[in-house]
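Read through the structure below, which is laid out as structure tokens, and then see the notes.
Values reported hereafter were calculated over all heavy atoms of this structure, with side chains retained and with hydrogens, waters and symmetry mates removed.
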Amino acid sequence: MGESITPEDIAIRDYILNRTIPILYNAPDPTDLPNGTGTLFRIEDRIFVITACHVFGEGRNFAEFSYPIHPNNGGISTFGSYVLMRPTDELIDIAIAELTDAQTKKNLSANWQFCTLSDVCRPPPEGSFIVAGYPVSMIAVTDTRLNSCAVMVKTKRNSAPTNPELPARAEFELFLKFGRKATSQSGSEIDTPRMNGVNGASVWVVVESVSTPWSPASLLRVVGVLWSVSKSSFMRATDWRAVAMALQNIFPDNAELKRIIAWDM
């Protein structure tokens with residue numbers, strides 16, 4: 001992607017961003033948002049936001065977290081009631097929020113789109129990866145309306161550094177190169193901004209598609225959850241297997257979760 005954005009690029013951008021939601025805190029106070037990025041999933045007709053655990057933070061009032069009602073900017077609403085699930089292992093930085101508020105579920109179902117477990121695959125050792133989210137520097141709230149500009153960064157796998165700054169579970173670690181260039185929501189190429197606000201976003205991989213006609217749904221799969229960015233060299237994510245293991249406590253008989261968890265067997 002770059003200055004000469006193609007129809008395929010636009011389709012990929014829209015597909016990802018229609019499922020990628022900014023998680024706001026204490027809106028419309030601009031000093032406290034966005035807090036992170038999440039991905040919408042529908043699993044057995046229940047709605048979830050998958051993100052990084054630290055997005056919800058200690059000491060935060062859960063009632064103050066909110067979202068834009070429509071992906072193309074617009075009014076903001078609190079999530080209402082939700083159930084937050086986090087691993088007991090503090091070295092696994094993921095969170096699963098099940099949204100239970102009737103109005104929130106209605107808003108999201110009407111205006112956003114959802115991933116399913118069939119959209120998840122094992123991270124390949126090579127290939128083209130995409131991270132998309134909402135940097136703090138490119139988002140603003142005015143009169144309780146969101147004015148945002150998401151960015152998409154294309155990247156590749158990175159070898160694990162010798163001494164990573166933050167501890168994590170090695171079996172779930174996914175390292176990516178830090179992409180110096182990004183594509184803005186309008187399609188122009190920009191220098192990658194500070195990624196504050198993007199943590200919690202999904203890591204997508206471009207897979208080989210054999211479907212006809214071409215569609216982004218056949219081309220894109222989720223492989224991980226971003227939780228840290230080192231601008232000097234790399235981005236860190238958690239393999240989606242960790243999410244599947246946590247979700248299995250809710251859906252013990254789900255065949256797709258069993259497929260994902262069996263990747264390392």
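D89 contributes atom CG, which lies 11.5 Å from atom CE of M245 (distance to the nearest 0.5 angstrom). The CD1 atom of I50 sits 10.0 Å away from atom CD of E98, with the distance rounded to the nearest 0.5 Å. Here CG of D253 is found 5.5 Å from NZ of K258. Values are rounded to the nearest 0.5 Å. Considering CG of L257 and CZ of R241, their distance stands at 13.5 Å, rounded to 0.5 Å. Taking CG of N107 as the start and NZ of K105 as the end, the distance is 12.0 Å to the nearest 0.5 Å. Between L108 atom CG and F114 atom CZ the span is 5.0 Å, to the nearest 0.5 Å.
Residues N254 and L117 are in side-chain contact: their nearest non-hydrogen atoms beyond the backbone lie under 4.5 Å apart. At a threshold of 4.5 Å between non-hydrogen side-chain atoms, the residues V131 and L176 count as touching. Taking 4.5 Å as the limit, every side-chain heavy atom of I12 sits out of range of all side-chain heavy atoms of V206. Using a 4.5 Å heavy-atom cutoff, the side chains of V229 and V198 are not in contact. Residues F251 and I43 meet the side-chain proximity criterion, which asks for heavy atoms closer than 4.5 Å. Within the 4.5 Å cutoff, side-chain heavy atoms of L84 are placed close to those of F56. Between V205 and S128, the closest side-chain pair of non-hydrogen atoms is not below 4.5 Å. Annotation: side chain of V243 is not in contact with side chain of T238 (no heavy-atom distance under 4.5 Å).
Here the side chain of D93 pairs a donor or acceptor atom with the backbone of C53 at under 3.5 angstrom. Without hydrogens or angle criteria, Y15 side chain to S215 main chain gives no donor-acceptor distance under 3.5 Å. T51 places a side-chain N or O within 3.5 Å of a backbone atom of T37 that can act as its donor or acceptor partner. Judged by distance alone, the side chain of T104 and the main-chain N or O of F79 form a donor-acceptor pair under 3.5 Å. Of the possible donor and acceptor atoms, none in the side chain of S202 sits under 3.5 Å from a partner among the backbone N and O of V222. At least one donor-acceptor pair under 3.5 Å links the side chain of D119 to the backbone N or O of T116. No side-chain donor-acceptor contact under 3.5 Å links S109 to the backbone of K106. In this structure, the side chain of N111 does not engage the main chain of H70 through any donor-acceptor pair within 3.5 Å. A donor-acceptor pair under 3.5 Å is absent between the side-chain atoms of S77 and the main chain of I69, judged by distance alone.
The two residues A150 and Y134 have their closest heavy-atom pair at CB-CE2, 3.7 Å. Residues M152 and A132 come closest through the heavy atom pair CG-CB, 3.6 Å.
Note: F234 and F175 meet the aromatic proximity criterion, with ring centroids under 6.0 Å apart. Remark: aromatic rings of Y25 and F65 are close, center separation under 6.0 Å. A centroid separation of less than 6.0 Å is found between the aromatic rings of W240 and F41.
Not counting sequence neighbours, F172 has no partner by the ring-ring contact (aromatic ring centres under 6.0 Å, His included) test. Residues that satisfy the side chain to side chain contact (heavy atoms under 4.5 Å, CB included) test with Q113, not counting sequence neighbours, are N18, R19. The ring-ring contact (aromatic ring centres under 6.0 Å, His included) test applied to Y82 returns no partner, not counting sequence neighbours.
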Applying side-chain hydrogen bond (donor to acceptor under 3.5 Å, both in side chains), run through R46 and T100 and close with a yes or a no. CA-CA 8 Å; R46 295 160 70 173; T100 57; over 6 Å; no
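Here R157 does not pair with E126 in a salt bridge; the nearest charged N to carboxylate O distance is not below 4.0 Å.
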